[in-house]
Amino acid sequence: MKLMKESHDKSSKKHSSREQKCTSSSKVKQNGAHSSKMKPSDVTSIDESLQVSADISKVKHISGDTDEMDVNVTVGPVERDQNDGHKKSHSSEKINKHKSRSKSSKERHNEKVQKDRTADMDIKTEDHDGCDSAADRQASPPVKIKKKKVKDEKTDEKHDTADKNHRARKKRKNESSEWDQPEKKPKKMKTNEEEEEEEEEEKKKEKMKDKKDEGTEKWKWWEEGKSSDTQKWTSLEHKGPYFPPEYEPLPSNISFKYEGKPLKLTAQTEEIATFYAKMLEHEYTTKDVFQKNFFNDWREEMTKEERKVIKSLSKCDFTEMHKYFVEKSEERKNKSKEEKQVLKEEASRLLEEYGFCLLDGHREKIGNFKLEPPGLFRGRGEHPKMGKLKKRLQPEDVIINCSADSKIPEAPKGHKWKRVQHENTVTWLVSWVENIHGRPKYIMLNPSSKLKGEKDWQKYETARKLKMSVNSIRKEYKRDWTSREMKTRQRGVALYFIDKLALRAGNEKDDESADTVGCCSLRVEHISLHKRIDGQEFVVEFDFLGKDSIRYYNKVPVEKQVFKNLRRFMEHKDPEDDLFDRITTVYLNKTLNESMPGLTAKVFRTFNASTTLQDQLRKLTTDDMTLEEKMLSYNRANRAVAILCNHQRAAPKTFEKSMQLLQEKIKKKKEQIEEARKELKGAKRAHKETPSDKSSKLVEKNEKKVQNLCEQLKKLQLQETDREENKVIALGTSKLNYLDPRITVAWCKKYQVPIEKIYNKTQRDKFAWAIDMTDDDFQF
DNA sequence: CCGATCACTTAGCATCCATCTG
DNA sequence: CAGATGGATGCTAAGTGATCGG
């Protein structure tokens, strides 16, 4: 908690200018401006049992079953800071620098071999010996070290038996699968499923939808053996993509104005103008890069005549158009029930027609069957291509993938597909090349599909496999810290970061995208070293923009050897030079693959996330908790993972307001309790003075009332804590992508929490395999 | 071997929509 | 019953890592 606060204070100071900006522009998120986050004091009124975990920001995260490795993360909720403050230091001048940076790193690449020799010698003379073995032990302050307790016997036993069962089952089945096959307990599952289905059926009856879905049995693909790695399907039939509606020209009374005068545009030019007009209120239309990119692309699409006239964006007036669209969307909102119903039916008809495909004889839901409509590109963060025109797709841009003997989807009238292919080694149905970066895009199946589910399952099995070898891998990379070879040292430290901090691998990027980094692409400017700070030794301070330009800010105490290495890596380098200049993600992954087949950098994220969830759940839940308390525990465990993985979100716009409302409710409740207690006292007194049946009943009644109110209060307080802690943390990403669903399912069963409390419908669909196959003794 | 390309996963934000509340 | 609210869903950008091909 202390750490977290510090990070907060620091960053809010650092970026105070950003805050100002925030208040001045309505649409900008106001993150990090609230130092009130996660006050432990808020919890004081809550049950003691909960307080144990109140300080969730300090996630002691011990990965795997190791006794000797003290992986321990203290991740402050990283104040997010996307576009403004932090980026200021990475402003447009920087982009140029950036270019030179990549050059220099490439050059360095070429020099590597020669350099290595000399550098290695250096290392040997300077610190290869045990000069700091004693100091090393001291390096991590005891406070920060939380040795993983040896597993208690109970779990050990369980694990063992589970393992044995596992093996036994595997034998019985004699299956060819490389990864573990499901454990099935049909009895148990059935009851659960029936319940679920009943509930759902009721709902559906009321709403009369998804009839077909109900009719067809769900495909339990996980009960079949593992399918081929290369061949993804044997038959595939679908309807092709759904094209967005054609452009509807503006009514004649709405005009675009240039230099104050109405100017009629051709439909094509007008359409692009509407893209801009629609986002007039958005902050990014004020950005230089955005305007420049937009105007360039727009002019390119104009006719010669238009281009002759329209020469400056500042002379363009889109306000009338803008107003028109605002009115239109208003209209849409105010539509009557009947009209809305019609629209809804239309949408579900569309889904019915385009939303499914037939894969190996099973009807599977498609993830995104609609082609992306044209518009203006808005990358995340400070993207150099923001504002560029994303062009309208023609059938001629689109490749269809399906079986040769299936009914080939028809191209819209008068058009042809770019190509129709029958490639069963890939999972996509439709692809096209997006014009902003020239990258391919795909239409693929929904997460509930076999193709996705199986892959997901496999992912978690790989992560579980890592659990077996993580000890030796950790030993290895620690040994690398003192290697004679610079490259190996860098590898060791990078791997340590990836493991301990769950950093992403950090592939190289080109200059055509936002300047964000991961582990291997960290630059000297992204870390600072503190030999001693805030009572801790050897602290590394990270401050960089990661994926989606989400800021990662963290102060981490590290082993002395790591610290020394980092200092060495930074020597004689400019801020914009790569920190790990000798290694790449490819090299890293190659090494990892040698340690364990299938292992890559990203597996560590999955592994550490899932392990953390399991550990936290074990720590935070007890049998005697109420359902609400268990839910809070789950959310906290989930949150620990989200913090570890730095999954952030903008604080909800209405956060302050709704929080206040909740607090008022709590206050009221407290008053009510006070009142009820008084009444109870009165009743008791009355009963003492003149005991009677009636008076004793009154006492009872009042007692109950107080009790009820107290319970209600507790619920509200739990809600408050949960929401406060969740302000800028996004739980969804980890839940969906990093946490082995079987951990959750097992926990739900063990503690009798209905699975619907944790997973909504979509999530239950995605994790159907896990829900069906998992017993309460599942161990990740 | 290595950069380019391709396929697939992971990500946050916007909008939709069901439910709650006053 | 309207309006607010917050979770669910839709959307598409932005990562990772395997494979391709020179």
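Keep in mind that the numbers below use all heavy atoms, side chains included, and drop hydrogens, waters and symmetry copies. Reminder, nothing fancy here: chain letters follow the sequence lines and each chain counts from 1.
The shortest distance between the side-chain N/O atoms of A:Thr733 and the OP1/OP2 oxygens of B:dG12 is below 4.0 Å. At the phosphate of C:dG15, OP1 or OP2 sits under 4.0 Å from a side-chain N or O atom of A:Thr516. Contact annotation: A:Lys509 reaches the phosphate of C:dG15 (side-chain N/O to OP1 or OP2, under 4.0 Å). OP1 or OP2 of B:dT9 sits under 4.0 Å from a side-chain N or O of A:Lys452. An OP1 or OP2 oxygen of C:dA14 is reached within less than 4.0 angstrom by a side-chain nitrogen or oxygen of A:His383. Not one side-chain nitrogen or oxygen of A:Lys735 sits closer than 4.0 Å to the OP1 or OP2 atom of B:dA11. Side-chain N/O atoms of A:Lys441 include one lying less than 4.0 angstrom from OP1 or OP2 on C:dA13.
Within the nucleic acid shown, A:Lys232 comes within 4.0 Å of sugar-phosphate atoms alone, with no base atom in reach, counting heavy atoms only. Within 4.0 Å (heavy atoms only), A:Tyr738 reaches sugar-phosphate atoms of the nucleic acid but no base atom. If you check every strand for non-hydrogen atoms under 4.0 Å, A:Thr427 touches sugar and phosphate atoms only. Contact annotation for A:Lys547: base contact, defined as any heavy-atom pair under 4.0 Å involving a base atom. Residue-level contact check: A:Pro447 touches neither bases nor backbone, having no heavy atom under 4.0 Å from any strand. Backbone-only engagement by A:Gly506 is indicated by non-hydrogen atom pairs under 4.0 Å involving sugar-phosphate atoms exclusively. If you check every strand for non-hydrogen atoms under 4.0 Å, A:Ala730 touches nothing. Within 4.0 Å (heavy atoms only), A:Asn589 reaches sugar-phosphate atoms of the nucleic acid but no base atom. At a threshold of 4.0 angstrom between heavy atoms, the contacts of A:Lys390 are confined to the sugar-phosphate backbone, with no base atom among them.
Side chain of A:Asn608 to main chain of A:Asp499: a donor-acceptor pair is present (N/O by atom type, distance under 3.5 Å, no hydrogens or angles). The main-chain N or O of A:Cys402 is found under 3.5 Å from a side-chain atom of A:His422 such that the two form a donor-acceptor pair. A donor-acceptor pair under 3.5 Å links the side-chain atoms of A:Thr591 to the main chain of A:Tyr587, judged by distance alone. Judged by distance alone, with hydrogens and angles left aside, the side-chain atoms of A:Lys385 form a donor-acceptor pair with the main-chain N or O of A:Ile436 at under 3.5 Å. Using modelled atom types, no side-chain atom of A:Thr274 and backbone atom of A:Ala277 make a donor-acceptor pair closer than 3.5 Å.
Atom P of nucleotide B:dA14 and atom CZ of A:Arg378 are separated by 10 Å, given to the nearest angstrom. Straight-line distance from the NE2 atom of A:His282 to the P atom of B:dC13: 11 Å, rounded to whole Å. Between the P atom of C:dA14 and the OH atom of A:Tyr552 lies a distance of 22 Å, rounded to the nearest Å. Distance A:Arg380 CZ to B:dC13 C1': 7 Å, rounded to the nearest Å. Taking atom CG on A:Asn646 and atom C1' on C:dA14, their separation rounds to 15 Å, with Å as the unit. Whole-Å rounding puts the A:Ile443 CD1 to C:dT12 P distance at 11 Å. Between the CG atom of A:Asp548 and the C1' atom of C:dC11 there is a distance of 13 Å, given to the nearest Å. Across the protein-nucleic acid pair, A:Asn593 atom CG and C:dG17 atom C1' stand 11 Å apart, rounded to whole Å.
Nearest to the side chain of A:Lys459, among B:dA11, B:dT10, B:dC8, sits B:dT10. Which of C:dT16, B:dG12, B:dC8 sits closest to the side chain of A:Asn507 comes down to C:dT16. Proximity note for A:Thr600 (side chain, C-beta onward) versus C:dG17, B:dC8, C:dT12: the nearest is C:dG17. Of the listed nucleotides (B:dA7, C:dA14, C:dG17), C:dG17 has the atom at the smallest distance from the side chain of A:Lys602. Side-chain proximity of A:Trp428 to B:dT9, C:dA13, B:dC8: nearest is B:dC8. For A:Val426, counting side-chain heavy atoms from C-beta on, the closest listed nucleotide (C:dT12, B:dA7, B:dT9) is B:dA7. Checking B:dT9, B:dC13, C:dT12 against the side-chain heavy atoms of A:Ala650 singles out B:dC13 as nearest.
Between A:Glu364 and A:Lys450 there is no salt bridge, since none of the side-chain N atoms of the basic residue sits less than 4.0 Å from a carboxylate O of the acidic one. Salt-bridge check for A:Glu352 with A:Arg349: failed, with every basic side-chain N at 4.0 Å or more from each acidic carboxylate O. A:Glu461 has a carboxylate O that lies under 4.0 Å from a charged side-chain N of A:Arg742, or vice versa, which qualifies the two as a salt bridge.
Taking the nucleotide of DNA chain C with the nearest heavy atom to each of A:Asn368 and A:Ala601, the more 5' of the two is matched to A:Asn368. Two residues, A:Leu599 and A:Asn760, neighbour DNA chain C, and the one matched to the more 5' nucleotide by heavy-atom proximity is A:Asn760.
Put simply, the side chain of A:Arg439 and the base of C:dG15 share a donor and an acceptor less than 3.5 Å apart.
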